[in-house]
Amino acid sequence: MGSSSVVVPIMAWLPVALLLVVIGAALRRGWARRSPTTGGVERFAKAWHLRLTGETAAVISNYLTGTRRWRRGGAAAGVAAGAGAGVAWSSGILSVLLAGLVGGVVGYFVGSVLAEASARLGPAEGGPRTAELHVRTRHEYLDPRMFAVVVLAPIVGTALFVSRIGGDGFDWPTPLALLLVAGCIVAALELGIRRVVRRPRPSGDADMVAVCDAIAASAAQVLVSSGGCVVFWSLAWEALATTDGGEPTVAIHTWVGIFDFVIAVAFWAQRNRIERPATAEPVA
């Protein structure tokens with residue numbers, strides 16, 4: 001069986017499957033209730049069981065306004081760039097839709113990273129800062145299994161790449177580029193999540209600590225979910241791009257690609273997952 005006879009139908013159905021999943025999830029849960037970050041301060045506070053005061057409401061409002069702008073802008077720019085690239089490189093409507101879909105996911109992740117890099121919860125420069133009894137880590141705010149799975153992706157990608165080195169007609173630049181993309185995203189996630197959980201805070205008040213913990217947990221979840229989606233989508237593409245070989249390479253890489261795509265969709269669906277963050281103990 002030629003690789004093209006396997007890869008083309010798969011790549012044709014993957015975006016269709018993703019659209020069906022997204023539409024089904026929206027219909028089942030309701031668009032308005034889909035994400036606490038798409039609403040206002042009250043919705044976020046209710047989702048995370050926070051007590052609102054004038055100060056905490058202002059912090060939540062500023063955070064939601066700023067990050068929402070970056071994420072939506074990134075997604076829109078990604079869709080436009082992806083669709084434009086699809087039009088330039090291919091005349092098929094399916095290729096344009098797929099490129100726009102991938103671009104939107106990548107743009108959402110980039111926008112999320114930029115949003116968290118620009119977000120400020122703490123006091124103005126030179127203002128008073130709070131101290132805590134221990135250094136906050138991502139394990140307090142994020143399911144460690146999710147990050148571990150993302151870290152494993154480049155390892156699997158390396159194994160796929162090495163298995164095809166030296167093969168006849170192996171077109172290595174594209175798989176190598178996808179592997180490097182996955183590695184760079186994992187590194188960006190580590191740095192981004194570390195910044196999110198260690199951001200300076202306005203005060204050590206119990207309500208403010210709870211709000212900052214909720215924001216950190218929400219931001220870390222968005223980063224690892226959208227980043228994991230991009231990583232596994234890249235891995236799926238790499239697996240399908242390295243199927244130019246004999247049996248059983250074609251079958252193994254094809255099924256790995258399908259499995260990676262399923263994981264990518266699962267990660268995307270976890271963007272708005274709510275985990276109760278561990279509350280750091282402020283210094284009296």
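All heavy atoms count here, side chains included; hydrogens, waters and symmetry mates do not.
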To the nearest 0.5 angstrom, please state how far the [atom1] atom of [X] sits from the [atom2] atom of [Y].
X      : Y      : atom1 : atom2 : answer
Ile193 : Arg198 : CD1   : CZ    : 12.0 Å
Ile263 : Cys229 : CD1   : SG    : 11.5 Å
Thr53  : Glu55  : OG1   : CD    : 6.0 Å
Leu64  : Arg69  : CG    : CZ    : 11.5 Å

(message) Among Leu142, Val113, Ile185, exactly one meets side chain to side chain contact (heavy atoms under 4.5 Å, CB included) together with Leu223. Which residue is that?
(response)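 Between Leu223 and the candidates, side chain to side chain contact (heavy atoms under 4.5 Å, CB included) is satisfied uniquely by Val113.
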Check whether any side-chain N or O of [X] sits under 3.5 Å from a backbone N or O of [Y] as a donor-acceptor pair, and report yes or no.
X      : Y      : answer
Thr65  : Asn62  : no
Thr158 : Pro154 : yes
Arg71  : Tyr108 : no
Gln270 : Phe267 : no

Taking the side chain as every heavy atom from C-beta outward, state whether [X] and [Y] have any atom pair closer than 4.5 Å.
X      : Y      : value
Val222 : Phe109 : no
Trp48  : Ser218 : yes
Ile60  : Leu52  : yes
Leu50  : Thr56  : no
Val197 : Glu140 : no
Leu189 : Phe147 : yes
Leu152 : Ile155 : yes
Leu235 : Leu178 : no

(message) When you measure from the centre of the six-membered ring of Trp268, is the NZ or CZ of Arg271 closer than 6.0 Å and no more than 45° off the axis?
(response)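 Yes - Arg271 lies over the ring of Trp268, closer than 6.0 Å to its centre and within 45° of its axis.
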(message) Less than 6.0 angstrom from the centroid, inside 45 degrees of the normal: does Arg136 satisfy that with respect to the ring of Tyr141?
(response)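 Pair Arg136/Tyr141 does not count as cation-pi.
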(message) If hydrophobic clusters are built by linking Ile, Leu, Val, Met, Phe, Trp and Tyr wherever their side-chain heavy atoms come under 4.5 Å apart, do Val265 and Val79 end up in the same one?
(response)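 No; tracing contacts between hydrophobic side chains, which count when under 4.5 Å, never links both residues.
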(request) Find out if a path of hydrophobic residues (ILVMFWY) with successive side-chain heavy-atom gaps under 4.5 Å connects Val102 to Val262. (result)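 Different clusters.
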Restricting to non-hydrogen atoms, name the atom on [X] and the atom on [Y] that form the minimum distance, rounded to 0.1 Å.
X      : Y      : answer
Val181 : Ser234 : CG1-OG, 3.9 Å
Val41  : Ala57  : CG2-O, 3.9 Å
Ala99  : Gly82  : CB-O, 3.0 Å
Ala153 : Val231 : CB-CG1, 3.2 Å

(request) Verify side chain to side chain contact (heavy atoms under 4.5 Å, CB included) between Arg120 and Tyr63, making sure each step is shown before the conclusion. (result) CA-CA 8 Å; Arg120 298 288 185 274; Tyr63 173 78; over 6 Å; no
(message) Quick check on salt bridge (charged side-chain N to carboxylate O under 4.0 Å, His left out): which of Arg195, Arg199, Arg194 does Glu116 satisfy it with?
(response)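 The option that passes is Arg199.
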(request) Kindly state whether the ring of Phe232 and the ring of Phe261 have centres lying under 6.0 angstrom apart. (result)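 Not under 6.0 Å, so no.
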(message) Testing the 3.5 Å rule here: is there a donor-acceptor pair between the side chains of Ser118 and Trp70?
(response)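 There is such a pair between these side chains.
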